[in-house]
Colleague: 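Sharing a structure here in C-alpha cells format.
Everything numeric here is computed off the predicted structure, so don't read it as measured data. The analysis underlying the following values was restricted to heavy atoms, covering all of them including side chains, and did not include hydrogens, waters or symmetry mates. Below, chains carry the letters A, B, ... as their sequence lines are ordered, and counting in each starts from 1.
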Amino acid sequence: MERGRKRTRSAADVRAAGRVRPLDRRFYARDTAVVARELLGAVLVSTVGGQRTAGRIVETEAYIGPHDPASHAAERIGRTQRNTSMFAVAGTAYVYRIYGVHWCLNTVTADVDFPAAVLVRALEPLHGIEIMRLRRWPDGAYGPDRQLTNGPGKLAAALAITGALDGHDLRKSPLRILPGERVADARVRTGPRIGITRATDWPLRFCVTDCPWVSR
DNA sequence: GGTCGGATCATCT
DNA sequence: GATGATCCGACCG
C-alpha cells in the first residue's frame, strides 16, 4: 500500500529527471563542503548491468585536501595508487574498497590535483527497488527497505557500484548524478563525520533531517 | 535499545 | 604487519 504509492511517485520522479542534464563539472568544481551540501537532493542513477536503479542523496561527507587528516589523500599519505582519482577533474568518481568488504562512492570536487571528494553516505531509494533488494540480499532473506541504502557500503551494493567505476565520469552512464529538488536549509543537519579517527570534530557531514534513509 | 567482535583484503609502512 | 570514510549478527539488558 504505502510501498506501492511510493514506487509510483518515484517512477514519475525518475522519468522527469530523465529530461534533465547531469550535474556538470562546474557544479563539482567548487568548495567541497558546498558541493557536499548541494548534493543533498540530487539523484544518483545507476544503469550498471543494464538494470536501472536510482536514489535521492540524503547524506554526504566532505573530505577536503591534503590538510584534512581524515582524507585518503592527507598530506602524510600523499598521492598513491588507490587515491589517484581524488586528484582527477571534478565530477570523477572515486570508488574504493573499505575493510576488504564494501565499496564506497565519492564524487571528486574542486580543482585538478587538489585531492578532495564527497562521500555519498545514504540514498532514499527511488527506482528499481526490487533490484536493490535482490542485490542487497541475494539469498532472498530480505531485510527492511529502510536498510537498503542507509549507508555507503549498502548503497554501493544496491546500485552495483564497484571498483570498476573508479575514475568514471559521473556525467555519463552507467553512473550519473542528476540535479534534484533543493533541500531547504532548515532540513539540513551538519555534524561530525562518521567512522573516522582523525579530525573527528570537523563538521563536514551533511544529512537530511527526519529522513529514515539517513544512516544515523 | 545498546555494545561488541568478526569478516576480509587492498593498501601502505 | 597494521590499518580502515563498514556491515551484520550475536549477545546483553
Colleague: Is there a donor-acceptor pair under 3.5 Å between the side chain of A:Glu59 and the backbone N or O of A:Ser215?
Modeller: yes
Colleague: Taking atom CZ of A:Arg79 as the centre, report whether more than 12 heavy atoms of other residues, nucleotides or ligands fall under 6.0 Å from it.
Modeller: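 Yes, because the 6.0 Å sphere around CZ of A:Arg79 holds more than 12 heavy atoms from other groups.
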Colleague: Will you find, in the side chains of A:Glu130 and A:Tyr142, an N or O donor that is under 3.5 Å from an N or O acceptor?
Modeller: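 Per modelled atom types, A:Glu130 and A:Tyr142 side chains form a pair under 3.5 Å.
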Colleague: What side-chain donor-acceptor pairs closer than 3.5 Å can you find for residues 81-94 of chain A, not counting sequence neighbours?
Modeller:
{"residue": "A:Asn83", "atom": "OD1", "partner": "A:Thr80", "partner atom": "N", "Å": "2.8"}
{"residue": "A:Asn83", "atom": "ND2", "partner": "A:His72", "partner atom": "O", "Å": "3.1"}
{"residue": "A:Asn83", "atom": "ND2", "partner": "A:Gly78", "partner atom": "O", "Å": "2.8"}
{"residue": "A:Asn83", "atom": "ND2", "partner": "A:Thr80", "partner atom": "OG1", "Å": "3.3"}
{"residue": "A:Thr84", "atom": "OG1", "partner": "A:Thr80", "partner atom": "O", "Å": "2.8"}
{"residue": "A:Thr84", "atom": "OG1", "partner": "A:Gln81", "partner atom": "O", "Å": "3.3"}
{"residue": "A:Ser85", "atom": "OG", "partner": "A:Asp166", "partner atom": "OD1", "Å": "2.9"}
{"residue": "A:Ser85", "atom": "OG", "partner": "A:Asp166", "partner atom": "OD2", "Å": "3.4"}
{"residue": "A:Thr92", "atom": "OG1", "partner": "A:Val89", "partner atom": "O", "Å": "2.7"}
{"residue": "A:Tyr94", "atom": "OH", "partner": "A:His72", "partner atom": "ND1", "Å": "2.7"}

Colleague: So what does A:Arg136 touch, heavy atoms closer than 4.0 Å: a base, only the sugar-phosphate, or nothing?
Modeller: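 Sugar-phosphate contact only.
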Colleague: Would you please name every residue forming a side chain to side chain contact (heavy atoms under 4.5 Å, CB included) with A:Pro138, sequence neighbours left out?
Modeller: none
Colleague: For DNA chain C, note the earliest and the latest nucleotide, 5' to 3', having some atom under 4.0 Å of a heavy atom belonging to chain A.
Modeller: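 Listed 5' to 3', the contact boundaries are C:dG4 to C:dC8.
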Colleague: Pull out every protein N or O sitting under 3.5 Å from an N or O of nucleotides 1-8 of chain B, one pair per line with the distance.
Modeller:
{"residue": "B:dT8", "atom": "O2", "partner": "A:Tyr99", "partner atom": "O", "Å": "2.5"}

Colleague: Check whether A:Val58 and A:Leu119 end up in the same hydrophobic cluster, where Ile, Leu, Val, Met, Phe, Trp and Tyr are linked by side-chain heavy atoms less than 4.5 Å apart.
Modeller: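 Different clusters.
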Colleague: For A:Ile177, which of A:Val45, A:Leu39, A:Leu105 qualifies under side-chain contact (heavy atoms from CB on, under 4.5 Å)?
Modeller: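 Of the listed options, the one satisfying the test is A:Leu39.
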Colleague: Verify the neighbour count for atom CZ of A:Arg76: are there more than 12 heavy atoms of other residues, nucleotides or ligands below 6.0 Å?
Modeller: yes
Colleague: Using a 3.5 Å limit on both pairing distances, list the dot-bracket string of DNA chain C from the 5' end; Watson-Crick and G-U wobble pairs count, crossing pairs take [ ], interstrand pairs take |.
Modeller: ||||.|||||||.
Colleague: Given that A:Leu119 and A:Lys154 both sit by DNA chain C, which one's nearest nucleotide is further toward the 5' end?
Modeller: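 Its nucleotide being nearer the 5' end, the pick is A:Leu119.
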Colleague: Would you list the pairs meeting side chain to side chain donor-acceptor pair (under 3.5 Å) in which at least one residue belongs to residues 178-195 of chain A, sequence neighbours left out?
Modeller: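 Sorted pair list: A:Arg37-A:Asp185, A:Glu38-A:Arg182, A:Asp68-A:Arg193, A:Arg182-A:Asp185.
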Colleague: For atom CG of A:Asp113, is the number of surrounding heavy atoms from other residues, nucleotides or ligands below 6.0 Å larger than 12?
Modeller: yes
